[in-house]
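Here's the structure we're looking at; comments come further down.
Hydrogens, waters and symmetry mates are skipped; everything else that's a heavy atom, side chains included, is used. Here is how names work: the chains are called A, B, and so on, in the same order as the sequence lines, proteins then strands, and each is numbered from 1. No experiment lies behind these values; they were computed from the predicted model shown.
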Amino acid sequence: MNQSWRWSGTGSAFNELQDALSALMDDWLGPIPAGEARFPRTELVRTDEGYELLVALPGTPRKAVELSVEGSTLMLEGERRLEPLPESAGLARRERPAGRFRRTLQLPGGVDADRISAHLEHGVLRVSLPLAVPEPEQPRGIDIEVEEGQ
Amino acid sequence: MTTATESGHEQAVRPAADIFETPESVELRIDMPGVQREDLNVTLDADDLLVEGRIAEPAGTTVGAARLPRLYRRLFSLSDLVSREKIRARLRDGVLELTLPKAERVRPRSIPIEGDED
């Protein structure tokens, strides 16, 4: 299995983390794992039909995400905006990543770029990358030339 | 905390959360992409508000090291100013929204001082 596919492109604009803890609430379990800083998180899965690319985009509407393919390059672009706070609100803590993101992926060999499809549900974008189905071999007649006469 | 499974490497990930306060409530917004309602648990035990969400293993084999979490877990400790009764939870597009109404505050009141006039 080819391990060399890598997302490349700009990283995320990580929202400034405000360390001030709310007076009403404290929180126990240590810092966020480092992986969370890489936004959006992705996973590439080999399936029976080809590949599926998973991109974690919580709270992001479909219209805020653009997916395109050029040659063998898949490009994902978009922006996650966090809902504005109510005017009366005091912010205690902001950890959730947001901002613009742009990633490109070199498609694995054999992927049929014309049949790529994508679906955003429960905050995860699923990009289906099916492999090209080989044309079935058609039996074909072979003309046999017979030299008439001799 | 790690939960062993068939795959052997299911590690609970602490979901990123925003916390803010309004005059009436404390609001939490917790990123749990991929979690569906039936796989979400929010439980309150005394002061401990535990949020847990599970995501089904994808149908296939993961290529490379990048993975989405399979299990989110985070514990919030509530203070006495938050009402335990009317906590509301909504899950939308992989974001869990929790509204924790503040308890009725005891209003400051003046206490008469008794004593002799003069």
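- The number of heavy atoms from other shown groups lying within 6.0 Å of CD (A/Glu66) does not exceed 12.
- Salt bridge B/Arg74/A/Glu95: present, at least one basic N to carboxylate O contact under 4.0 Å.
- The environment of CD in A/Glu83 is crowded: more than 12 heavy-atom neighbours from other residues, nucleotides or ligands sit within 6.0 Å.
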Taking it one step at a time, do A/Arg41 and B/Val13 satisfy side chain to side chain contact (heavy atoms under 4.5 Å, CB included)?
CA-CA 13 Å; A/Arg41 279 180 187 248; B/Val13 167; 3.9 Å; yes

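- Heavy atoms closer than 4.5 Å to chain A are found in the backbone of B/Ala59, but not in its side chain.
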Can you list the steps and then say if A/Leu82 with B/Asp18 is a side chain to side chain contact (heavy atoms under 4.5 Å, CB included)?
CA-CA 10 Å; A/Leu82 296 173; B/Asp18 290 352; 3.7 Å; yes

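- Your options are B/Pro58, B/Pro33, B/Gly34, and the one with the most heavy-atom pairs under 4.5 Å with chain A is B/Pro33.
- Other residues, nucleotides and ligands contribute at most 12 non-hydrogen atoms within 6.0 Å of the CZ atom of B/Arg92.
- At a 4.5 Å heavy-atom cutoff, A/Arg62 makes no contact with chain B through either its backbone or its side chain.
- Interface remark: A/Glu121 contributes no atoms to any contact with chain B (heavy atom separation under 4.5 Å).
- Interface remark: of the candidates B/Leu68, B/Ile55, B/Ile30, B/Leu68 forms the most heavy-atom pairs closer than 4.5 Å to chain A.
- At most 12 heavy atoms of other shown residues, nucleotides or ligands fall within 6.0 angstrom of atom CZ in A/Arg81.
- Ion pairing between a basic and an acidic side chain is recognised when a charged N comes within 4.0 Å of a carboxylate O; B/Arg70 and A/Glu43 show such pairing.
- Other residues, nucleotides and ligands contribute at most 12 non-hydrogen atoms within 6.0 Å of the CD atom of B/Glu85.
- Among all heavy-atom pairs drawn from A/Arg96 and B/Asp31, the shortest one is CD-OD1, 3.1 Å.
- Between A/His122 and B/Met32, the closest side-chain pair of non-hydrogen atoms is not below 4.5 Å.
- Remark: A/Arg94 CZ to B/Ile19 CD1 distance equals 11.5 Å, nearest 0.5 Å.
- Note on B/Val95 and A/Val65: separate hydrophobic clusters, where clusters join Ile, Leu, Val, Met, Phe, Trp and Tyr whose side-chain heavy atoms are under 4.5 Å apart, directly or indirectly.
- For chain A, the nearby parts of B/Arg29 are the backbone and the side chain; heavy atoms of each come within less than 4.5 Å.
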